[in-house]
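Have a look at the structure below, then the notes.
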Protein chains: 4
Amino acid sequence: MSGRPQRADARRNRERILEAAFEAFAADGRLVPLDDIARRAGVGAGTVYRHFPTKEALFQAVVTERIERIVDEAEALVHAEEPGEAFYGYLMWVVERAMFNHALCDALAADLGTLDARGTDERFTLALGELLRRAQAVGAVRPDVDVQDVRSLMVGAMVMERRRRPEGGPGRMTALACDALRLVTKDDETGPRERNERGCAVCGKPLAAAPTGRPARFCGPACRQKAHRRRKTA
Amino acid sequence: MSGRPQRADARRNRERILEAAFEAFAADGRLVPLDDIARRAGVGAGTVYRHFPTKEALFQAVVTERIERIVDEAEALVHAEEPGEAFYGYLMWVVERAMFNHALCDALAADLGTLDARGTDERFTLALGELLRRAQAVGAVRPDVDVQDVRSLMVGAMVMERRRRPEGGPGRMTALACDALRLVTKDDETGPRERNERGCAVCGKPLAAAPTGRPARFCGPACRQKAHRRRKTA
Amino acid sequence: MSGRPQRADARRNRERILEAAFEAFAADGRLVPLDDIARRAGVGAGTVYRHFPTKEALFQAVVTERIERIVDEAEALVHAEEPGEAFYGYLMWVVERAMFNHALCDALAADLGTLDARGTDERFTLALGELLRRAQAVGAVRPDVDVQDVRSLMVGAMVMERRRRPEGGPGRMTALACDALRLVTKDDETGPRERNERGCAVCGKPLAAAPTGRPARFCGPACRQKAHRRRKTA
Amino acid sequence: MSGRPQRADARRNRERILEAAFEAFAADGRLVPLDDIARRAGVGAGTVYRHFPTKEALFQAVVTERIERIVDEAEALVHAEEPGEAFYGYLMWVVERAMFNHALCDALAADLGTLDARGTDERFTLALGELLRRAQAVGAVRPDVDVQDVRSLMVGAMVMERRRRPEGGPGRMTALACDALRLVTKDDETGPRERNERGCAVCGKPLAAAPTGRPARFCGPACRQKAHRRRKTA
DNA sequence: CATGAATGAGCTTTCATTCAT
DNA sequence: GATGAATGAAAGCTCATTCAT
């Protein structure tokens, strides 16, 4: 059913439609009229519907194809020698690819809802999770983030990049976001902790669950007070 | 253009339209039909057009009004006692406000392009910049970020929050993003630097501009090699 | 919600749409394109949709209005002096109205499914049932038919009329169908019974239920044989 | 046009198309998409067009073939021993066949307009007419109906059956319709005549033509009055 | 001024028919 | 001959905008 068409012209048309759709969706997201895509591909609107039952299906197809390459890359990096480099490098690479692609951006944000894409979504989460775990194992990434945090961060980074001023240079915002993931090294722990790493910011003891509102930063009033004094004297 | 209507009922209608539009745009973004807004406001579609020449103009008006309050808050915080708390608290507050507001999110991302909003945008940048500077002055924020970085980060944080899983708790992603801004404390500087703070990660010397591709992390091959060895032995 | 529009032009347009739709549906049934109706009414397609949310809704509106008049007539006849004449006359009148009206024909056949029309359908069944009961009471209609039989018969009669040759004259087929309903008079009962009146065709005793296949005509083998002989000798 | 294809596979395809089309048309009438038929037949749409120039032509072919079998049956019954049984039984049989066959129903109603089918239509009328005449000859059918009446009645019966409630049992409406055709027996003629048998209901003299409105039942005011009195005293 | 009816282009989708393979 | 891909003209429906009332 999802097999590629057999006839040469059909295959050619399918490719051209995908290409045109990719460009159009990248530029304007789902908003672009399907007729425009058909015209760009040099076919009738009906032909588009022969290949893809729905505009949404076309969108998913375009995006899935793109994401598959992204997932492939993740899987290829799973056995990289330097897990930290691999992880951060991969994030940067993904963001670069999606940065100006409205469609891809949306799709990565949306958890790839379609049936067709579900497998891809799982593969993505799996491979990215593995990259993350390995990077955490070597201390390149703080241990309190999980794969969903990373996925969200990727989306955020794309959006940030899209908004960046020309003088910022590409990747500036992503690099910044990556910093949020870095483990503060050994020596830091002797100094004051201020990062939201899910331990008391003063004594490091585990925090009580705070199911609602702003997450707690201190294990109790004593530490909060201590931090307060420290800040005052800083 | 900026003249407000004179008659009492006209002014009342204008308010009701803005209110209805705010709710509608917040929920569904620009997609919501104008007729729905008019109906919610209890007026005819024509009345909406008497007050706002275009649907887009209405959108901008709604959003500008909201952002003005956000800017007000920033200005109010400029003289807060604790610049660090003020800065991070403000970020969190903004994100919380915008998190589930489709319209606000879009608008903050878009640099407030309209003529009407330009003043607001400037005020925003000014006040936020002041908050940032003061936080940097007390060492609460790393010195290599500027106000545009922060604005982008806000947008990214909103998007991340919107994607968060229910179990993540509100603010989780924003807190994470804030960590990217925190200054690593004195003691850290003796340890290995891994953050993208715009100096060589080994020797701290300024980096050559890397207009494209992944930003450089080392000032040259020597430092890169040094870092490599260090990692090996870790 | 189903209130008529207040403005004069809207009311006028609504009327024109209903009129145009009536003609169009009468001629071609539901098949007629809505744009044609709009054009005939001298309005845009959008205007049609302002008055009727759906093509089907328009169809129902047209047809319901027509059927209401038909029901009104039935209710008016309930107290007629001559129940037999009233009943048969009414059938004929209904068929004449619907004969060349594709839409009405379909609608009467279909049990008026819409919520809007449900009340009308009930009223119709009630009034027609009353006409029938009174006609049966005076012996003008055989007692073994019920109101649903009559409704079906009406539909059948319309279809038959529609197919009639020009030389048949209007009402010919309906008159024929009506004959199926007439009670065979007193004297007949002494003669051989051949009609499907739900008693043994020979002795008149009640028939065993025949839940499937062709309904039984005789109470048992004996009578069947008797009838067979009789026919032979006829 | 009537030349059958020569090659074995072509002939086989033709058969499969007809079969698939029969099923599809029976279920949904002309509405079914041609592609569906082609798929059901296991051929391409183009192949359908090789055999039938038009969708409508296919429809006609399907229906004609079916009707031919119906006509065959009629011709086979022409020499049945019991003309009455043969006639009524045949009607029932036809209705049963067509009852849930949308296509057949439509076709029987429409006088088989195509050139191809014209011969079939004539044969049908001829055979049915013969059945009718013989049934009339033995007094099983009233003499004032002709073959076109019967054809119409068949169509009407189908429609009625289609509308019947489940509890009515199959054939109920057809049986009712057949009653309209039965001759009221000798003895009846002494009693009051109420059936529309094309003579004055009182004196039996021929009726004046009534081209419009309800057909006359009496030859003149005198007889009408007489009937009225009779009814009063009944 | 306010209203909401009217407009009409535009959207997605379907399908009979043609035609390259 | 057979295939099924391509076509393109509808269809039903939506909605930003205009304008008669």
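Note on naming: letters A, B, ... go to the chains in the order of the sequence lines (proteins, then strands), and numbering restarts at 1 for each one.
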Which nucleotide in the set [options] lies at the smallest distance from any side-chain heavy atom of [X]?
X	options	value
H51(B)	dT18(E), dT18(F), dA2(E)	dA2(E)
P33(C)	dG12(F), dT17(F), dA2(F)	dG12(F)
T47(C)	dT7(E), dA5(E), dT18(F)	dT7(E)
N13(B)	dA2(E), dA5(F), dG12(F)	dA2(E)

| task | Taking all heavy atoms of F59(C) and all of A103(C), pick out the closest pair and write down the distance. | result |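 Taking F59(C) first and A103(C) second, the nearest heavy atoms are CE1-CB, 3.6 Å.
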
[atom1] of [X] versus [atom2] of [N]: gap in Å, rounded?
X	N	atom1	atom2	result
R16(D)	dA2(F)	CZ	C1'	12 Å
L58(D)	dC15(E)	CG	P	16 Å
E15(A)	dA5(F)	CD	P	15 Å
K55(D)	dC15(E)	NZ	C1'	8 Å
L34(B)	dT18(F)	CG	P	12 Å
F52(D)	dT18(E)	CZ	C1'	18 Å
R11(C)	dA6(E)	CZ	C1'	16 Å
D9(A)	dT18(E)	CG	C1'	14 Å

Value rounded to 0.5 Å, distance of [atom1] in [X] from [atom2] in [Y]:
X	Y	atom1	atom2	result
I37(C)	E23(C)	CD1	CD	10.5 Å
I17(C)	H51(C)	CD1	NE2	4.5 Å
D106(D)	H102(D)	CG	NE2	5.0 Å
T54(D)	L34(D)	OG1	CG	10.0 Å

| request: Could you walk me through whether T64(B) and E68(B) pass side-chain contact (heavy atoms from CB on, under 4.5 Å), step by step? | output: CA-CA 6 Å; T64(B) 300; E68(B) 256 156 20; 3.9 Å; yes

| said: Among residues 35-46 of chain D, which ones have heavy-atom contacts with DNA chain F below 4.0 Å? | reply: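 Correct list: V43(D), G44(D), A45(D), G46(D).
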
| query | Quick one: bend of the helix from dA2(E)-dT21(F) to dT21(E)-dA2(F) from 5 pairs per end, to 10°? | reply | 10°

| request: Please determine if a side-chain N or O atom of R50(A) lies less than 4.0 Å away from the OP1 or OP2 oxygen of dA5(F). | output: yes

| said: Under 4.0 Å from OP1 or OP2 of dT12(E): is there any side-chain N or O of T54(A) that close? | reply: no

| Contacts of type salt bridge (Lys or Arg N to Asp or Glu O under 4.0 Å), residue E65(B), not counting sequence neighbours |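 If we apply the salt bridge (Lys or Arg N to Asp or Glu O under 4.0 Å) test to E65(B), skipping adjacent residues, the hits are R69(B).
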
| query | Who are the side-chain hydrogen bond (donor to acceptor under 3.5 Å, both in side chains) partners of R39(A), not counting sequence neighbours? | reply | D36(A)

| request: For atom CZ of R40(B), decide whether the heavy atoms of other residues, nucleotides or ligands shown that lie under 6.0 angstrom number more than 12. | output: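 Counting other residues, nucleotides and ligands, CZ of R40(B) exceeds 12 neighbours.
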
Which atom pairs, one a donor and one an acceptor, fall under 3.5 Å between side chains of residues 25-32 of chain D and the rest of the protein, sequence neighbours left out?
| unit_1 | atom_1 | unit_2 | atom_2 | d |
| --- | --- | --- | --- | --- |
| R30(D) | NE | E56(D) | OE1 | 3.1 |
| R30(D) | NH2 | E56(D) | OE2 | 2.9 |

| Can you tell me if R162(A) uses its side chain to pair, donor with acceptor, with the backbone of F100(A) under 3.5 Å? |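 Absent.
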
| field | DNA chain E contacts among residues 21-32 of chain D, heavy-atom distance under 4.0 Å | value |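 When residues 21-32 of chain D is checked for heavy atoms under 4.0 Å from DNA chain E, there are no hits whatsoever.
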
| task | Take V48(B) and N13(B) through the test side-chain contact (heavy atoms from CB on, under 4.5 Å) and record every step on the way to the result. | result | CA-CA 9 Å; V48(B) 176; N13(B) 271 340; over 6 Å; no

